[in-house]
Amino acid sequence: MLLSHYADRVPIWVTFNEPLLYAFNFKGVDNVVKAHAQVYRFYHEELKAKGRLGIKFNDNFGVPKDPKNSSHVLAADRFQEMQLGFFANPIFLGKQYPKSVLKTLPGAKPLNDSELAYIKGTSDFFGIDPYTATVVSPADEGIEACASNKSTSNSLFPYCVNQETKNVYGWNIGYRSQSYVYITPTHFREYLFYLWNTFRHPILVSEFGFPVHAEASRDLSDQLFDSPRSVYYLSFMSEILKSIYEDGVHVMGALAWSFVDNWEFGDYSQQFGIQAVNRTTQERSYKKSFFDLVDFVKSRQPKKA
């Protein structure tokens with residue numbers, strides 16, 4: 001209905017928002033992949049629409065705890081396969097579901113050749129919400145032992161990897177926030193490089209943001225001086241520019257989350273906004289990070305001839 005009415009006026013569309021959050025079993029993801037392909041073909045082939053239609057994923061980039069340990073590297077690869085490859089292999093590459101998925105998830109079965117041909121290339125961009133990174137190492141009993149057990153009683157199944165926020169030296173992976181987000185700009189650049197060179201589609205950084213620790217409990221004047229959020233945005237934006245101009249990555253845009261503090265994860269304690277909101281009067285107040293982000297973009301616009 002929305003596509004039929006507004007396809008000629010809205011230039012960018014997303015079919016599914018972070019489907020991993022609510023579709024992570026084989027049947028759920030399989031349905032998302034096939035439904036997305038149907039909508040894409042309806043948009044371009046039936047409506048003859050000229051805009052861009054894609055899908056956006058949530059995924060904290062999995063980096064090996066010990067990059068010199070091959071088992072840790074394989075664990076990080078498996079983590080990315082199950083988080084992203086599950087969706088992205090068929091949609092962007094026309095490739096089969098990852099072996100890690102087919103061997104691990106109950107009820108998993110491969111796509112046939114006609115399904116792969118129908119699904120291949122059904123996204124005009126790769127939408128990603130890359131808030132932070134996570135440190136990955138194999139399950140204590142080993143990946144194979146965990147995966148072959150197929151036991152839902154194991155908290156690590158089906159990924160069968162450990163996820164941490166400390167690196168091999170015991171340091172936090174970055175400056176931490178109120179929630180799961182850590183400031184990890186170097187890993188963010190690595191991630192963009194990985195996405196571009198793996199899936200070869202323009203990348204839309206469709207959400208990224210930072211909830212300053214204990215911000216909601218502070219006086220308004222302290223909330224507005226949100227320097228850690230500024231560090232997050234400016235460091236991530238700098239890495240996007242490096243990715244574009246030094247690494248050759250095609251980044252089509254970046255969208256900050258969020259333009260106001262809102263209801264996150266069931267309460268108001270985790271504030272992602274670049275504006276504070278008085279929830280009694282609805283009055284909004286710009287935070288320092290808003291002006292820093294605007295200034296960053298404005299100072300880097302091409303000069304007019």
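- Judged by distance alone, with hydrogens and angles left aside, the side-chain atoms of Asn25 form a donor-acceptor pair with the main-chain N or O of Lys27 at under 3.5 Å.
- One finds the CG atom of Leu53 at 6.5 Å from the CG atom of Leu3 (value rounded to the nearest 0.5 Å).
- Two residues are said to be in side-chain contact when any heavy atoms from C-beta on lie closer than 4.5 Å; Ile119 and Ile91 meet this criterion.
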* Between Phe199 and Ile128, does a side-chain contact (heavy atoms from CB on, under 4.5 Å) hold up when you go through it step by step? -> CA-CA 12 Å; Phe199 300 109; Ile128 191 70; over 6 Å; no
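- A pairwise comparison of heavy atoms in Ser123 and Ile55 identifies OG-N, 3.6 Å as the closest pair.
- Between Tyr191 and Tyr194, the ring planes are parallel. Angles under 30° get that label, and only those over 60° would be called perpendicular.
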* After noting the C-alpha distance and the side-chain angles of Tyr159 and Thr104, does the key distance pass the side-chain contact (heavy atoms from CB on, under 4.5 Å) rule? -> CA-CA 9 Å; Tyr159 289 0; Thr104 305; over 6 Å; no
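- In this structure a side-chain-to-backbone donor-acceptor pair under 3.5 Å is missing from Asn149 to Ala145.
- Expressed to the nearest 0.5 Å, how far NZ of Lys56 lies from CG of Asn17 amounts to 3.5 Å.
- The CZ atom of Phe208 sits 8.0 Å away from atom CG of Leu255, with the distance rounded to the nearest 0.5 Å.
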* To do: Carefully, step by step, assess Glu246 and Lys242 under the rule salt bridge (charged side-chain N to carboxylate O under 4.0 Å, His left out).
  => CA-CA 5 Å; Glu246 297 181 21; Lys242 292 176 188 176; over 6 Å; no
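- In terms of heavy-atom proximity, Ser269 sits nearest to Ala216 at O-CB, 3.8 Å.
- Remark: Gln38 CD to Tyr118 OH distance equals 5.0 Å, nearest 0.5 Å.
- More than 12 heavy atoms of other shown residues, nucleotides or ligands fall within 6.0 angstrom of atom NE2 in His250.
- For the side chain to side chain contact (heavy atoms under 4.5 Å, CB included) criterion with Thr132, the lone passing option out of Phe61, Phe188, Tyr182 is Tyr182.
- In this structure the side chain of Tyr97 reaches within 4.5 angstrom of the side chain of Pro90, judged on heavy atoms.
- Considering every non-hydrogen atom in both Phe157 and Cys146, the closest pair reads CD1-O, 3.7 Å.
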* Just do the side-chain contact (heavy atoms from CB on, under 4.5 Å) check on Val205 and Leu192 with the steps written out, would you? => CA-CA 9 Å; Val205 181; Leu192 294 174; 4.2 Å; yes
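- Tested against Gln96, the residues Asp113, Leu102, Asn89 include a single side chain to side chain contact (heavy atoms under 4.5 Å, CB included) partner, Leu102.
- Residues Val212 and Leu220 fall into different hydrophobic clusters, defined by Ile, Leu, Val, Met, Phe, Trp and Tyr side chains chained together at heavy-atom separations under 4.5 Å.
- By the 6.0 Å contact criterion, CD on Glu283 is open, its count of non-hydrogen atoms from other residues, nucleotides or ligands being 12 or less.
- Heavy-atom minimum distance, Pro67 versus Val73: O-CG2, 3.6 Å.
- Within the 4.5 Å cutoff, no side-chain heavy atoms of Pro98 are placed close to those of Met82.
- Using cut-offs of 30° and 60° for the angle between ring planes, the Phe57 and Phe87 rings count as tilted.
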* Arg52 and Leu204: CA distance, side-chain angles, deciding distance, side-chain contact (heavy atoms from CB on, under 4.5 Å) verdict -> CA-CA 11 Å; Arg52 286 184 282 188; Leu204 173 63; over 6 Å; no
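- Contact check for Glu264 versus Gln178: no side-chain heavy atoms found under the 4.5 Å cut-off.
- Under a cut-off of 6.0 angstrom, the local environment of OH in Tyr175 is sparse, with at most 12 non-hydrogen atoms contributed by other residues, nucleotides or ligands.
- Shown here is Lys95, whose NZ atom has no more than 12 heavy atoms of other residues, nucleotides or ligands within 6.0 Å.
- No donor-acceptor pair closer than 3.5 Å links the side chain of Glu239 to the backbone N or O of Thr186.
- Taking CG from Asn69 and OG from Ser137, the interatomic distance works out to 9.0 Å, rounded to the nearest 0.5 Å.
- Side-chain atoms of Ser299 come within 3.5 Å of backbone atoms of Phe296 as a donor-acceptor pair (strictly under, hydrogens ignored).
- Note that CZ of Arg300 is 10.0 Å distant from CG of Asp295, once rounded to the nearest 0.5 Å.
- The only option from Asn262, Asp226, Asp261 that meets the side chain to side chain donor-acceptor pair (under 3.5 Å) definition with Gln271 turns out to be Asp261.
- Cluster membership check: Leu20 shares its hydrophobic cluster with Val32, using side-chain heavy-atom separations under 4.5 Å among Ile, Leu, Val, Met, Phe, Trp and Tyr.
- Looking at heavy atoms from C-beta onward, Arg218 lies out of side-chain contact with Phe225 at the 4.5 angstrom threshold.
- Hydrophobic cluster membership is shared by Val297 and Leu234, with clusters built from Ile, Leu, Val, Met, Phe, Trp and Tyr side chains linked at under 4.5 angstrom.
- Phe291 has its side chain out of reach of Ile274: every pair of non-hydrogen atoms, C-beta onward, lies at least 4.5 Å apart.
- Linking Ile, Leu, Val, Met, Phe, Trp and Tyr whenever their side-chain heavy atoms come within less than 4.5 Å puts Val231 and Phe236 in one cluster.
- Atom OH of Tyr22 sits in a crowded spot, with more than 12 heavy atoms from other residues, nucleotides or ligands closer than 6.0 Å.
- Taking a 6.0 Å sphere around NZ of Lys120, one finds it holds 12 or fewer heavy atoms contributed by other residues, nucleotides or ligands.
- With Gln80 contributing its side chain and Gly62 its backbone, the two residues share a donor-acceptor pair below 3.5 Å.
- Ring planes of Phe265 and Tyr180: perpendicular class, angle over 60° (limits at 30 and 60°).
- At least one side-chain heavy atom of Phe26 sits less than 4.5 Å from a side-chain heavy atom of Phe86.
- Under the 6.0 Å distance and 45° angle rule, Arg189 does not count as a cation-pi partner of Phe193.
- Listed for the His72 side chain is a donor-acceptor partner under 3.5 Å among the backbone atoms of Asp66.
- Proximity of a side-chain donor or acceptor of Asn112 to a complementary backbone N or O of Ser114 within less than 3.5 Å is detected.
- At a threshold of 4.5 Å between side-chain heavy atoms, the hydrophobic network of Ile, Leu, Val, Met, Phe, Trp and Tyr places Tyr6 and Ile12 in two separate groups.
- When atom types are taken as modelled, the side chain of Trp196 and the backbone of Gly248 share a donor-acceptor pair closer than 3.5 angstrom.
- Counting only distance, with no hydrogens or angles, the side chain of His36 and the backbone of Thr122 share a donor-acceptor pair below 3.5 Å.
- No side-chain N or O of Tyr131 forms a donor-acceptor pair with one of Asn58 less than 3.5 Å apart.
- Closest non-hydrogen pair, Pro202 versus Met252, comes out as CB-SD, 4.3 Å.
- Pairing each heavy atom of Pro158 with each of Arg78, the nearest pair is O-NH2, 2.9 Å.
- A donor and an acceptor atom, one from each side chain of Asp129 and Ser206, are located under 3.5 Å apart.
- By the 4.5 Å heavy-atom criterion applied to side chains, Phe42 and Ser4 are counted as neighbours.
- Looking at Gln163 and Asn60, their side chains never bring a donor and an acceptor atom within 3.5 Å of each other.
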